[in-house]
Amino acid sequence: MLDIKFIRANVDIVKQAVKNKNLKIDVNELLKVDENRKKLQGEIDSLRTQKNELAEAGKKNRPTDEQIKRGKAIKEKIIEIETEFKLVDEKYKELMWQTPQIPCSDAPLGQDETDNVEVKKWGKIKKFAFPIKDHLELGKNLDILDVEKGAKVGGYRGYYLKNEGVLLHLGLMMFAMEKMVKNGFKPFIPPTIIREFAMYGSGHFPFGKDDIYQIINSGKLADGSNVAENKYLVGTSEPSILAYHADEILNETELPKKYCGFSQCYRSEIGSYGKDTRGIYRIHEFMKIEQVIFCKNDYKESEKLHQEITAISEEILKDMEIPYRILDICTGDMGAGKYRMFDLESWMPSRNSYGETHSSSNLGDWQARRLNIKYQQKDGQKLFVHTLNNTAIASPRILIAILENNQQADGSIVVPKVLRKYLPGKIKIIRKK
RNA sequence: GGUGGGGUGGCCGAGUGGUUGAAGGCGCAGCUCUCGAAAAGCUGUAUAUCCGAAAGGAUAUCUAGAGUUCAAAUCUCUAUCCCACCGCCA
């Protein structure tokens with residue numbers, strides 16, 4: 001969300017951002033609605049002034065019949081204008097929720113993912129002297145991954161992790177968590193069933209509604225319909241962590257606040273039916289450790305922190321010796337709320353390409369405005385914080401890279417050194433039983 | 001699922017229709033006192049929107065929404081959250 005005053009004063013900049021981000025919101029309409037809303041609000045205010053004056057007079061003496069009559073007339077007029085105001089206000093809010101963050105001028109301009117710019121590559125891509133297997137085949141043979149049973153029980157895109165697959169998966173979480181704590185991030189396990197406001201706050205609503213599961217109680221009402229609660233399953237712990245400070249005024253001295261959230265994540269993946277159907281690349285639930293930062297309203301600082309959280313994720317990939325690249329995401333692909341965004345993609349041999357495993361974003365104060373998160377400066381001024389987030393680790397998707405990059409001719413897997421301590425006996429190689 | 005009790009400013013807490021944007025306390029800021037500090041005293045201390053160059057003014061906000069009334073923190077209804085006890089349960 002943007003400041004309406006900023007929008008009024010910088011119409012062209014906002015329009016340009018809408019265009020660059022490939023959005024449809026009509027800024028002229030917003031301004032018209034805003035103007036109308038202001039006008040109606042003014043009318044209501046002056047009527048209420050009259051009402052209050054009348055009530056003030058009634059404090060001293062019992063109101064006369066004449067005054068009561070006037071009061072009634074004013075009341076009716078207020079109701080009439082308020083009815084109109086509500087309609088206008090609804091439209092206003094709807095449009096305001098959709099106003100995009102102004103993207104950083106350094107971000108590449110572009111329409112979609114084909115315009116993203118590769119800015120870094122790390123690691124040596126292994127050349128295998130034998131025909132490689134993909135993670136599905138490797139996982140099945142080693143009895144650590146089973147998507148057939150996953151589909152049988154969990155449905156399309158269900159999966160079971162088993163044996164060392166589980167230990168590897170949990171080890172990854174623990175490895176990333178330890179790294180985060182070492183870097184001064186406070187660990188959180190947040191709620192994964194959350195209320196609507198938090199979804200709006202992060203910007204997952206109204207934009208990404210399709211991908212979010214809503215809770216429906218299995219019990220039926222008398223008319224046979226289901227009870228849909230206004231609660232949702234998170235797709236990441238980001239909204240839960242952000243909303244932790246909703247409606248709060250933080251102290252400047254406590255910033256930046258660095259948190260990491262560990263949670264199961266749920267994604268409906270509606271709209272991507274035909275995409276990435278093989279394996280565990282695109283699935284309905286996974287575990288993730290997410291980095292979240294609240295910092296001062298200062299792009300110099302938030303951009304520095306953006307580099308920092310990106311570097312932490314790079315370090316995690318380097319520690320595991322997974323080749324990766326970094327994409328500078330273009331304006332059209334970054335999402336409405338973002339100021340700057342980098343994706344980290346890990347090398348996945350079976351895809352013969354990189355696949356997204358991390359996503360690092362600076363949102364400026366766009367989310368903080370939605371969630372009303374401020375901080376007070378020494379001089380007393382209150383400003384909205386900047387917020388940032390990035391994946392620390394998300395599994396099992398990352399297992400694709402780990403299994404496939406470390407496979408041996410016999411189908412066994414060499415465990416990355418940093419993960420060995422999470423396996424019993426600190427085994428170096430996962431072999432077929 | 002059942003029953004009962006609650007939700008007031010940064011915090012605690014008073015307040016059952018009109019003198020309450022809200023007593024009192026705490027906290028915080030400034031000043032006085034002091035070599036300095038503590039203590040004490042004094043003063044100040046919400047947010048949002050609109051109008052205004054500013055000073056300032058208007059409106060709204062006592063969980064939220066709806067209603068009663070000339071007038072609502074206060075009465076009614078609904079929702080919601082918290083707490084307690086019972087039932088069920090990992």
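Computed from a prediction, not measured in an experiment: that's the story for all the values here. Residue numbers start from 1 in every chain, and the chains themselves are labelled A, B, ... in the order their sequence lines are given, proteins ahead of strands.
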Determine, for F384(A) and K374(A), whether the Lys NZ or Arg CZ falls below 6.0 Å from the six-membered ring centre while staying within 45 degrees of the axis. yes

Using the [atom1] atom on both, measure [N] against [M] and round to a whole Å.
N	M	atom1	answer
G25(B)	G13(B)	P	16 Å
U68(B)	U16(B)	C1'	16 Å
U63(B)	C81(B)	P	16 Å

Whole angstroms only, please: what is the [atom1]-[atom2] distance between [X] and [N]?
X	N	atom1	atom2	result
K382(A)	C28(B)	NZ	P	16 Å
R48(A)	A58(B)	CZ	P	15 Å
R37(A)	U59(B)	CZ	P	18 Å
I4(A)	C50(B)	CD1	P	9 Å
I74(A)	U59(B)	CD1	P	12 Å
Y92(A)	A48(B)	OH	P	14 Å
E56(A)	A58(B)	CD	P	11 Å
I78(A)	A60(B)	CD1	C1'	12 Å

Would you give a per-nucleotide map of nucleotides 64-78 of chain B, 5' to 3', where B means the base has a protein non-hydrogen atom under 4.0 Å away, S means only the sugar-phosphate does, and - means neither? --S--BBSS------

Please determine, for U20(B), whether a Watson-Crick or G-U wobble partner exists with both distances under 3.5 Å, and give it or none. none

Partner of C89(B) under the Watson-Crick or G-U wobble criteria, both distances under 3.5 Å, comes out as none

Verify the ring-centre separation between Y299(A) and Y339(A): is it less than 6.0 angstrom? yes

Does N52(A) make a side-chain N or O approach to OP1 or OP2 of A60(B) shorter than 4.0 Å? yes

With a 4.0 Å cutoff (strictly under), does any side-chain N or O of K374(A) reach OP1 or OP2 of A48(B)? yes

Begin from the C-alpha positions of S268(A) and I212(A) and carry the test side-chain contact (heavy atoms from CB on, under 4.5 Å) through to its verdict. CA-CA 6 Å; S268(A) 80; I212(A) 301 288; over 6 Å; no

Which ring pair (Phe, Tyr, Trp, His ring centres under 6.0 Å) pairs, counting each pair once, include a residue from residues 53-107 of chain A, with sequence neighbours left out? W97(A)-Y200(A)

Taking all non-hydrogen atoms of both residues, which atom of S202(A) and which atom of L371(A) are closest, and how far apart? N-CD1, 4.5 Å

With nearest nucleotide decided by heavy atoms, which residue, S46(A) or R195(A), maps closer to the 5′ end of RNA chain B? S46(A)

Position toward the 5' end of RNA chain B (nearest nucleotide), I249(A) or K231(A): I249(A)

Using a 6.0 Å cut-off, check whether atom OH of Y244(A) has over 12 heavy atoms from anything other than its own residue. no

Is the closest side-chain heavy-atom distance between E301(A) and P256(A) below 4.5 Å? yes

Between Y160(A) and V147(A), does a side-chain contact (heavy atoms from CB on, under 4.5 Å) hold up when you go through it step by step? CA-CA 6 Å; Y160(A) 280 87; V147(A) 296; over 6 Å; no

Base, sugar-phosphate or nothing for R369(A)? Non-hydrogen atoms, less than 4.0 Å. nothing

